[in-house]
Amino acid sequence: MVGGTMQPKDLIELGIPRGEAMKRAFVAVAVMAGEGLDVSAMRERLHKAAKGEWDAEGLSEPVVEALEAVASAMEEAVYMPRAEPAPWRVWGEGLEAEAVKQMARACELPVAVRGALMPDAHLGYGLPIGGVLATRGAVIPYAVGVDIACRMKLSVLDVPVRNLEKSTGRERLSAAIEEETRFGVGARFERRREHAVMDADWSVSPVTASRKDKAWSQLGTSGSGNHFVEFGVLTVSDTAQQASPAAGLGGVGPGDGGLGLEAGEYVALLSHSGSRGAGAAVCGHYSKLARAACPGLPKDLEHLAWLDLAGEAGAEYWAAMSLMGEYAAANHACIHDAVAEHLGAEVLAGVENHHNFAWREEHDGEEVVVHRKGATPAGEGVLGVIPGSMASPGYVVVGKDGEESLRSASHGAGRVMSRRAASKKFRWPEVEKQLKAAGVTLLSAGLDEVPGVYKDIETVMAAQRDLVGVVARFDPKLVKMAPPGERAED
């Protein structure tokens with residue numbers, strides 16, 4: 001009876017959101033149908049109840065009670081989906097259906113303005129990994145992600161490429177990685193790294209203030225999950241697309257117009273990690289505040305609870321997130337500086353970018369907050385790094401200012417299976433053959449990060465030709481990740 005008279009979309013049109021208010025509205029529909037009201041009368045009564053403007057005249061007591069329940073639920077709910085989802089577009093084909101569904105639902109949020117889904121997309125919490133969402137006046141902690149400011153950094157060193165081919169050279173490069181960073185969830189340094197970020201104002205949030213000492217001990221560490229530090233061969237070709245003179249480094253800071261390297265092969269150091277335990281604590285704390293500020297959100301949207309940027313909690317989160325961005329950048333700087341010093345090497349060029357962050361940007365003539373959860377900034381001339389897997393290439397890219405993608409591109413190849421599924425499917429003997437064929441030496445990693453868990457990077461890159469151009473190709477040769485058995489924190 002209920003399904004034949006009203007559907008969820010009908011109630012949304014009347015201003016009744018999913019969640020408790022919709023549940024009570026369906027009860028009211030059943031009661032009104034039992035009392036003989038036709039669909040037109042039901043719609044009118046429900047619409048008025050949703051706005052708190054109805055009256056009880058001429059209604060039976062059961063109908064009055066049912067409508068009062070709807071009105072009461074509406075007073076408690078803050079979630080009111082857009083009448084029409086915010087516009088959004090997908091790059092790539094055959095993307096995970098649940099990830100596409102997550103993106104569609106995110107674009108129903110009342111604060112949503114526009115969205116985009118990158119070709120490396122897969123299921124995430126609230127917003128899919130590879131999801132880009134612009135909001136108006138609000139920030140969504142989980143749309144930034146747990147690992148705030150997870151990022152890439154590539155440094156080109158004046159180390160001969162032959163050092164990657166000779167056993168003595170590899171041993172020296174391996175020692176530099178092993179000694180100058182740490183992997184694992186609780187990884188830290190007994191002798192702490194020095195960096196100006198520890199002189200920043202960590203009192204911007206009670207969370208950052210209480211985590212400062214731990215953050216300092218973890219400065220220069222790499223964590224677990226899909227985080228890595230690796231040496232490889234960077235190939236710059238004559239046909240590489242160079243960035244414009246005004247280019248920035250992935251939205252982080254001013255650049256010099258590209259890598260500034262002649263065509264050829266170079267040794268490069270590439271790292272991937274974020275803000276470690278401090279960033280996770282910031283996400284956890286402000287996500288709880290966001291959920292409290294957004295009662296009535298449907299269960300599948302609870303991780304997309306938002307904070308008003310004009311409010312105290314929203315401003316505080318933004319300050320904490322920004323600090324975590326500085327900290328993550330410092331984390332990579334410490335690794336790269338320490339490795340270069342260990343080798344006695346000079347840095348010839350570099351590029352870096354966040355891919356779990358929120359930026360204030362102008363789109364369609366207004367300032368919005370652009371969340372890139374596993375997406376690389378790709379504005380006009382902006383440089384970034386898009387890795388593949390431990391046995392497939394990554395690329396230094398330059399943005400083409402794709403407005404439909406909110407000036408974004410993928411942040412990697414993207415997973416095709418869960419960590420649990422990967423651990424059941426793959427075995428080291430077969431993986432080792434694949435790595436040997438690719439000329440890769442693996443220092444440590446778990447089966448949940450082997451090449452087979454990722455999409456084909458060439459397919460992903462082909463799907464976003466309109467978003468980025470290739471500046472250089474990076475082929476991994478010496479790779480270190482967290483050892484087997486480590487809990488993922490990416």
Side-chain angles (χ1 to χ4, degrees), residues 150 152-155 157 159 161-185 187 221-235 265-273 332 335-336 338-339 342-343 385-395 412-458 473-490:
C150 188
M152 305 299 306
K153 182 176 176 66
L154 180 141
S155 293
L157 305 177
V159 174
V161 174
R162 64 177 179 273
N163 283 18
L164 283 169
E165 301 166 354
K166 295 181 177 181
S167 59
T168 53
R170 286 198 176 212
E171 287 174 6
R172 188 161 177 257
L173 295 171
S174 298
I177 294 178
E178 296 278 18
E179 293 178 24
E180 303 304 343
T181 188
R182 300 285 184 273
F183 283 86
V185 173
T221 65
S222 299
S224 63
N226 60 4
H227 297 162
F228 60 78
V229 177
E230 57 192 29
F231 280 106
V233 177
L234 184 76
T235 304
E265 293 186 342
Y266 302 84
V267 169
L269 176 67
L270 181 63
S271 58
H272 174 219
S273 58
H332 283 260
I335 295 170
H336 285 241
V339 169
H342 183 108
L343 296 171
V385 183
I386 300 177
S389 73
M390 64 174 69
S392 60
Y395 293 93
R415 297 184 71 91
V416 294
M417 68 182 71
S418 70
R419 296 183 181 281
R420 180 177 295 180
S423 296
K424 291 180 179 179
K425 179 175 181 178
F426 298 106
R427 294 294 177 267
W428 279 117
E430 290 75 20
V431 173
E432 287 165 356
K433 291 178 183 177
Q434 183 181 8
L435 296 177
K436 184 176 181 180
V440 174
T441 298
L442 182 62
L443 301 179
S444 64
L447 278 171
D448 55 352
E449 282 297 330
V450 300
V453 308
Y454 288 98
K455 299 178 183 180
D456 175 50
I457 186 63
E458 305 302 344
R473 169 175 167 146
F474 175 85
D475 288 281
K477 295 300 177 184
L478 190 61
V479 179
K480 183 169 178 62
M481 306 183 76
E486 275 286 344
R487 175 173 58 84
E489 57 180 359
D490 54 306

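Just so you know, these numbers use all the heavy atoms, side chains as well, and skip hydrogens, waters and symmetry mates. Since this is a predicted model, take the numbers as computed values, not measurements.
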>> A side-chain contact here means heavy atoms from C-beta on lying under 4.5 Å apart; do L269 and V229 qualify?
In response: yes
>> Rounded at 0.5 Å granularity, tell me how far NE2 in H227 sits from OG in S222.
In response: 8.5 Å
> Taking C-beta and beyond as the side chain, do M390 and P476 meet within less than 4.5 Å on heavy atoms?
Replying inline: no
>> Within the structure provided, determine whether M417 and F426 are in side-chain contact (heavy-atom separation under 4.5 Å).
In response: yes
>> Evaluate R420 against K424 for side chain to side chain contact (heavy atoms under 4.5 Å, CB included), listing each step before the verdict.
In response: CA-CA 6 Å; R420 180 177 295 180; K424 291 180 179 179; 4.1 Å; yes
>> Keeping S389 on the side-chain end and A391 on the backbone end, is there a donor-acceptor pair under 3.5 Å?
In response: yes
> Rounded to the nearest 0.5 Å, what separation is found between the CG atom of D448 and the NZ atom of K425?
Replying inline: 14.5 Å
>> Do the side chains of R419 and E449 get close enough for a salt bridge, i.e. N-O under 4.0 angstrom?
In response: yes
> At their closest point, which heavy atom of T181 faces which heavy atom of F183, and how far apart are they?
Replying inline: CG2-CE1, 3.7 Å
>> Is any side-chain heavy atom of K480 closer than 4.5 Å to one of F228?
In response: no
>> Is there a side-chain contact between L234 and L270 in this structure, where contact means two heavy atoms from C-beta onward sitting under 4.5 Å apart?
In response: no
>> Rounded to the nearest 0.5 Å, what separates atom CG in L164 from atom CZ in F231?
In response: 8.0 Å
> What heavy-atom pair brings P451 and L435 nearest, and what distance separates the two atoms?
Replying inline: CG-CD2, 4.3 Å
> Roughly how far, to the nearest 0.5 Å, is CD of E265 from CG of D475?
Replying inline: 8.5 Å
> Which heavy-atom pair separates K477 from G439 by the least distance, and what is that distance?
Replying inline: CD-O, 3.4 Å
>> With rounding to the nearest 0.5 angstrom, report the CG to NZ distance, L173 to K166.
In response: 12.5 Å
>> Please check: side-chain N/O of S444 versus main-chain N/O of M481, any donor-acceptor pairing under 3.5 Å?
In response: yes
> In this structure, which one of R170, E230, E178 forms a side-chain contact (heavy atoms from CB on, under 4.5 Å) with L443?
Replying inline: E178
>> If you define the side chain from C-beta out and look only at heavy atoms, does anything of V267 sit under 4.5 Å from N163?
In response: no
>> To check you understand the geometry: which heavy-atom pair defines the closest contact between A413 and Y454, and what is its length?
In response: CB-CB, 4.2 Å
> In Å and rounded to the nearest 0.5 Å, what is the CD to CG distance from E180 to L343?
Replying inline: 8.5 Å
>> Is there a side-chain contact between P387 and H272 in this structure, where contact means two heavy atoms from C-beta onward sitting under 4.5 Å apart?
In response: no
> Can you list the residues that meet the side chain to side chain donor-acceptor pair (under 3.5 Å) rule with S174, with sequence neighbours excluded?
Replying inline: none
> Can any side-chain N or O of H332 pair as donor or acceptor with the backbone N or O of S273 at less than 3.5 Å?
Replying inline: yes
> Would you say the side chain of D456 lies within less than 4.5 Å of the side chain of S392, judging by non-hydrogen atoms?
Replying inline: no
